[in-house]
Structure formats: C-alpha cells, structure tokens
Amino acid sequence: MTKSRSLRIVMAVAVSAALAACSSSATPVPATAKVYTYKDMVVGFIQTGSESGWRAANTSSFNEEAKTDGITLKFTDSQNKIENQITAFNTYIADPAVNVIVLAAVDVTGYDNVLKAAKAAGKVVVIEDRRIDSPSTLYYTYIGSDFDLEGNKGAAAMCTLLTGMSGANVVEIGGDQGASAAIDRAKGFREKDSACGINILDSQYAAAWDPTVGKSIMDADLKKYAGKIQGVYAHNDELAIAAIQSIDAAGLKAGTDIKVVGFDATADGFKYMITGELGADIECNPLLAPQVYKAALDALNGVTGQPAWVPSQEGQFAASQGAQALQDILKTRKY
Ligand code: AHR
C-alpha cells in the first residue's frame with residue numbers, strides 16, 4: 001500500500017470520528033459539574049489570636065496567599081478564647097457567601113458540634129496548625145505539625161546541651177495547657193528525656209502562651225530551686241526568651257549556667273541562638289496557607305482520598321551551628 005493511500009485512510013478515519021462526535025445521534029455530553037477556582041473561594045479563617053511571632057507569620061501566610069490567589073478571606077482573631085471560635089464558626093456557617101472554613105484551634109477539644117453543623121451546611125472545613133480530637137470525618141483534612149515529634153527533638157536537643165550532666169534538673173514552661181501544641185510537646189519531651197536521665201524538676205503552663213506569665217514562672221522557679229536548675233524547656237520562642245530574661249535578671253548566664261530550648265525558630269529565636277543564650281530552637285512551620293487553600297479547592301472540586309493529616313515539613317537549629325552560620329540562615333527565612 002502506498003504511503004499516500006495509507007495517509008488518506010488515516011485522515012478519513014479521523015474526519016468520520018469527528019463528524020460522529022458532532023452528530024445528533026452521538027451520546028449526549030453530560031452537563032459538567034462546576035469546576036471551582038480560587039476566585040470562587042470565600043474563606044472564613046478562624047485564627048487563635050496574635051500571641052506570638054509564629055502566629056503573626058501564620059496569619060501573614062493566609063493573608064498574602066489569599067491576595068496572590070484571588071481568594072476572598074474573612075478573618076477572625078479569637079483572642080485565644082474557644083468561645084470566640086465557636087461564635088465565629090456559627091457566623092461563617094450562617095454566611096451563604098462562605099464556602100470554606102479554616103480553623104487554627106485554641107484548644108484540642110470542644111469543636112464537634114460546630115463541625116457537625118458546618119458539615120450539614122455543606123461548608124468545607126480544613127484544620128490548620130494544631131490537631132483537634134474531633135473525628136476526622138467532620139473535616140476535610142488537617143495540615144499541621146507533629147508536635148509530639150517536636151517534643152522528641154526538644155528532648156534530644158536538651159540532652160545534647162546537657163552532655164556530661166546525667167540526671168540534670170530541667171524546668172518546663174509550657175504553652176496554653178488546652179492546646180495540642182503544648183500537650184504534645186510536653187508528651188514528646190517525656191518520651192525521650194530519659195535518654196540522658198533528665199529530671200523534670202517542675203512544670204508550669206502559661207495561659208494563652210503569655211510571655212509575662214512565662215517570666216513569672218521562671219522567676220518563681222529560680223527562687224524555689226536556687227542553684228538546682230540546669231535546663232529550661234520552653235514551648236515557644238517567646239516563653240524561652242522570657243525565661244532567658246529572668247535568668248539574666250537573676251545574675252545568671254543563659255546558655256552557660258542554664259541551657260534553654262525553645263520552639264518555632266522565629267527571627268527572635270535566631271537572635272538569641274546567635275548570642276548563645278538560646279541553646280536550641282525546634283522549628284514549627286507557620287507558612288501553611290498554600291497547602292491549606294489547595295486542599296480546600298480540592299474539596300470544593302470533589303477530590304477524594306485526601307489524608308486525614310498532612311504533617312508539616314520542619315527542622316531544628318542550635319547555637320552550636322555558630323553565629324555566622326545562623327545569621328546566614330536567618331537572612332533566608334520569611335519569619
Ligand atoms: O500551634 C503552634 C504554636 O502556637 C506555636 O508554637 C506558638 O508560638 C503558637 O502560640
């Protein structure tokens with residue numbers, strides 16, 4: 001068969017196929033479901049509050065990404081009160097314009113009823129930052145840190161800082177006792193602190209992660225356990241810095257007399273690692289908006305198979321990396 005003949009046959013088949021697709025006898029094309037884009041998204045974002053540098057970076061991530069994507073964002077600062085979060089949930093559930101609700105939970109419990117109401121109202125719900133104990137069937141997915149693993153890292157970092165001091169005494173300054181970040185960082189530390197025989201001398205929690213409460217806790221610990229404290233395990237950078245300020249005010253040298261471990265790896269945390277006063281900083285990633293908005297868009301478009309939890313990617317840093325190296329890293333960071 002000549003080439004021109006076979007080419008004619010191929011073209012004839014292609015044309016007949018195209019005609020068949022257009023003819024009235026072709027199978028009717030079903031009406032396609034609406035395909036949502038970011039511009040269709042109206043997000044009710046229920047933020048915990050503005051308690052830390054981490055929280056400011058998390059809020060910025062949602063504001064900036066919404067602008068980039070053309071998402072309409074409605075924002076609630078809950079002032080670290082769960083009752084404000086419940087009220088905000090009900091407001092967004094009742095708002096016909098809102099099709100997505102994002103929650104950064106103040107507490108780990110107390111959301112079942114509003115989640116059920118949001119589901120019944122056909123709202124997409126994504127949990128960001130902190131896990132909650134509600135059934136994962138009540139929301140699309142949870143995007144946030146493995147705080148237990150962070151606590152494991154914190155214990156290992158403390159053991160490294162206390163090398164050669166088996167059985168060292170450590171005091172804990174926790175975040176808000178109802179928050180999964182505090183609950184799990186405490187749990188994770190206790191899972192691994194026996195590796196170097198750490199003795200937790202005392203453990204107190206700063207309500208709403210308030211650094212002034214954190215400093216009062218450290219002031220009291222230094223008086224009660226004068227000369228017996230070798231380490232401080234603080235659940236975020238603001239609480240670690242408050243402890244450092246208390247240690248310094250007591251005439252001691254943070255980083256030398258008493259080792260300090262914090263969480264978040266914010267710019268302020270880096271500053272205190274560069275001076276050597278903060279011995280280690282376990283990163284907690286606040287830049288979650290791109291992942292959260294993508295998950296919400298998938299939910300609106302009926303994408304299934306989303307995992308119940310998408311753990312954040314995050315690392316850790318230490319004063320032992322050296323001031324110059326830490327300064328170079330800090331220049332590359334967004335918060
Ligand atoms: O959930 C993350 C925690 O919340 C951060 O470590 C802390 O700074 C914030 O309050």
Side-chain angles (χ1 to χ4, degrees), residues 45-62 76-82 84-85 102-109 111 126-133 142-154 157 172-189 205-215 217 232-244 260-273 278 280-289 291-292 309-317 333-335:
F45 178 29
I46 306 172
Q47 180 59 289
T48 61
S50 52
E51 73 277 5
S52 64
W54 188 97
R55 191 60 55 191
N58 185 244
T59 295
S60 295
S61 176
F62 281 85
T76 300
D77 175 337
S78 308
Q79 305 288 314
N80 273 283
K81 290 182 171 59
I82 187 169
N84 293 343
Q85 297 203 312
V102 175
L103 171 68
V106 167
D107 289 343
V108 72
T109 61
Y111 299 96
V126 177
I127 310 298
E128 73 103 8
D129 172 18
R130 298 177 187 165
R131 70 171 179 81
I132 57 176
D133 73 352
Y142 158 48
I143 296 172
S145 299
D146 183 341
F147 297 112
D148 188 83
L149 175 61
E150 289 182 358
N152 294 167
K153 292 177 183 177
E172 179 177 36
I173 305 175
D176 191 285
Q177 203 159 4
S180 55
I183 293 166
D184 293 353
R185 283 173 184 158
K187 173 173 172 285
F189 186 83
Y205 287 84
W209 304 77
D210 183 344
T212 55
V213 175
K215 186 173 182 305
I217 291 169
V232 179
Y233 179 70
H235 285 190
N236 76 357
D237 286 346
E238 282 75 15
L239 295 173
I241 292 163
I244 289 165
V260 184
V261 170
F263 289 84
D264 289 347
T266 59
D268 283 345
F270 266 78
K271 287 177 192 138
Y272 280 85
M273 281 193 287
L278 180 61
D281 208 344
I282 311 304
E283 188 179 39
C284 180
N285 180 5
L287 307 177
L288 302 177
Q291 289 173 269
V292 172
W309 174 29
V310 181
S312 302
Q313 300 304 308
E314 48 203 27
Q316 62 189 91
F317 304 93
R333 293 176 65 80
K334 291 184 178 177
Y335 63 96

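Quick note: residue numbers are just sequence positions, from 1. Numbering of ligands and ligand atoms starts at 1, following listing order. A quick note: this is a predicted structure, and the numbers were derived from the prediction, not measured.
- Residue contacts with ligand 1 for Phe147 involve side-chain atoms from C-beta outward but no N, CA, C or O (heavy atoms, distance under 4.0 Å).
- Evaluated by nearest non-hydrogen atom to atom 7 (C) of ligand 1, the leading choice among Asp237, Asp264, Leu239 is Asp264.
- Trp209 and His235 have tilted rings, their planes meeting at an angle from 30° to 60° on a 0 to 90° scale.
- In Glu150, neither the side chain nor the backbone holds a heavy atom less than 4.0 Å from any atom of ligand 1.
- Heavy-atom distances between Trp209 and ligand 1 reach below 4.0 Å in at least one pair.
- For Glu51 and Asn80, the side-chain atoms include at least one donor-acceptor pair closer than 3.5 Å.
- No close placement of the Phe189 and Phe147 rings is indicated, their centers lying 6.0 Å or farther apart.
- Val108 approaches Ser180 most closely through the heavy-atom pair CG2-CB, 3.9 Å.
- Using a 4.0 Å cut-off to heavy atoms of Glu51, the atoms of ligand 1 that qualify are 4 (O), 9 (C), 10 (O).
- Applying the 4.0 Å criterion to heavy atoms of Trp54 picks out, from ligand 1, the atoms 8 (O).
- Counting all heavy atoms, side chain and backbone alike, Tyr205 lies closest to Ala186 at OH-CB, 3.5 Å.
- Only one option out of Glu314, Arg130, Glu283, Arg131 pairs with Ser145 in a side-chain hydrogen bond (donor to acceptor under 3.5 Å, both in side chains); it is Glu314.
- Among all protein heavy atoms, the one lying closest to atom 2 (C) of ligand 1 is Asp129 OD1, 3.3 Å.
- Between Tyr142 and Trp309, the ring-plane angle classifies as parallel under the 30° and 60° cut-offs.
- In the vicinity of Asn236, heavy-atom distances shorter than 4.0 Å reach the ligand 1 atoms 7 (C), 8 (O).
- The contact set between ligand 1 and Ala181, taken as ligand atoms under 4.0 Å from a residue heavy atom, comprises 1 (O).
- Heavy-atom contacts of Ser52 reach the following atoms of ligand 1: 7 (C), 8 (O), 9 (C), 10 (O) (cutoff under 4.0 Å).
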